[in-house]
2 protein chains.
Amino acid sequence: MPSPSYVLDQLDYLLLSLVQHDARRPLHELGDEVGLSPSAVQRRLNRLRQRGVIRSEVAVVEPRSVGADLMAVVLVALIDDDAEHHAAFRELMRAEPAVQQCYTIMGQWDYVVVLLASDIAENRRLSARLFVAPGTVRRYETLPAFEVVKAGLTVPLPGS
Amino acid sequence: MPSPSYVLDQLDYLLLSLVQHDARRPLHELGDEVGLSPSAVQRRLNRLRQRGVIRSEVAVVEPRSVGADLMAVVLVALIDDDAEHHAAFRELMRAEPAVQQCYTIMGQWDYVVVLLASDIAENRRLSARLFVAPGTVRRYETLPAFEVVKAGLTVPLPGS
DNA sequence: ACCTTCGCGCAATATTTTTGCATGCCTAGT
DNA sequence: ACTAGGCATGCAAAAATATTGCGCGAAGGT
């Protein structure tokens, strides 16, 4: 489902590198930078959207501005490798707004979860609800974030 | 610098919850959903931008579409807590496009780094360059991601 | 050599954003 | 109670931007 690998040329990469930092720039401005007319730029962007290369365009909200002052990285090990348990846990993660990111990883832990909360108390409540109550988690370790050095979804692009 | 805490009302939260999922919806559409005229919506969004509540608007690129097939979470411990070392390491992380995210954390590790690479070989090259060559890292542990269960920058919003 | 395909620029059109202005609603001060 | 100021709103005009139709030329295949 991601995308069956398509052929993107240098111009596509250039455009992606621009819009992944600022999605609000008008087409003629992007066109000036890459040497294309506005409509050509638009057709390329639409194609990238349609093919799923551009997954979405979103506004990035500063967490601290909306009371999410505590970010934490949580390492999680499930009770066992039962497919049911995994499915249930993943569903829980996807459904929970406080879970910003969740990856299945290899190694001694099963998941890495990035959790946003207003404070320690709420973090504890969330942990209880997400990791303890369901009973599918054997062990979890919370690593509170001290500082966000870098946070983004930007992707390294070939030739740039 | 994030933002000195401002007063956002329910409408602001509503708008944020909409645009943090889709930043391309026209003002009149947002207005219909929250019960405001297009210009009122726009003024609110601009205020949120100016105050830094909306940090940016970006296109989210699907990593696998551009050859970034291997994501890994890397736990890093520095040689020591020297401020110099920390500053250097953080600068390195910020400058490196393959580093998607980087947090300072509390506990036995100093940093969590989310690293994007095309494959294992490139991951090794990156690790060598970022964690070994500089000589500021005592120990690091790479946890390759098996599957991305959830990836986003969306923030939990009060009252929604 | 001819045809087909594809992406381009241009120009017309449609949509969206931006701005100026008048109004109504709070709050605070008299 | 009344008034003045600040503030956010809706509306409408204007500006900017996005979208679409069309013809052209290059690349590749027959």
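Every chain is numbered from 1, with letters handed out A, B, ... down the list of sequences.
- Atom pair A:Asn46:CG and D:dG21:P shows a separation of 13 Å (rounding to whole Å applied).
- Remark: P of D:dT17 and NE2 of A:His28 are 4 Å apart, rounded to the nearest angstrom.
- Put simply, CG on A:Leu15 is 14 Å from P on C:dG7, counting in whole angstrom units.
- For D:dT9, one of the phosphate oxygens OP1 or OP2 lies less than 4.0 angstrom from a side-chain nitrogen or oxygen of B:Arg44.
- Under 4.0 angstrom from either OP1 or OP2 of D:dA8 there lies at least one side-chain N or O belonging to B:Arg47.
- Rounding to the nearest 0.5 Å places CE of B:Met93 at 9.0 Å from OH of B:Tyr111.
- Between the P atom of C:dT17 and the CZ atom of A:Arg25 lies a distance of 18 Å, rounded to the nearest Å.
- Remark: C1' of D:dA26 and CG of A:Asp9 are 15 Å apart, rounded to the nearest angstrom.
- Rounded to whole angstrom, the span from the CG atom of A:Leu36 across to the P atom of C:dC6 amounts to 18 Å.
- Between A:Leu11 atom CG and C:dC8 atom C1' there is a gap of 11 Å when expressed in whole angstrom units.
- Inter-residue side-chain proximity for A:Leu78 and A:Val137 is flagged as met; some heavy-atom pair is nearer than 4.5 Å.
- Listed pair B:Arg43 / C:dT18 fails the phosphate criterion, with no side-chain N or O lying under 4.0 Å from OP1 or OP2.
- Taking the side chain of A:Arg24 as heavy atoms from C-beta on, and the options C:dT18, C:dT16, D:dA18, the nearest nucleotide is C:dT18.
- Between the base of C:dC8 and the side chain of A:Ser39 there is no donor-acceptor pair shorter than 3.5 Å.
- B:Arg49 meets the side chain to side chain donor-acceptor pair (under 3.5 Å) test with B:Asn46, B:Glu57; sequence neighbours excluded.
- Residue B:Arg124 places its CZ atom among 12 or fewer non-hydrogen atoms of other residues, nucleotides or ligands, all under 6.0 Å distant.
- Atom CZ in B:Arg49 sits roughly 7 Å away from atom P in C:dT18 (whole-Å rounding).
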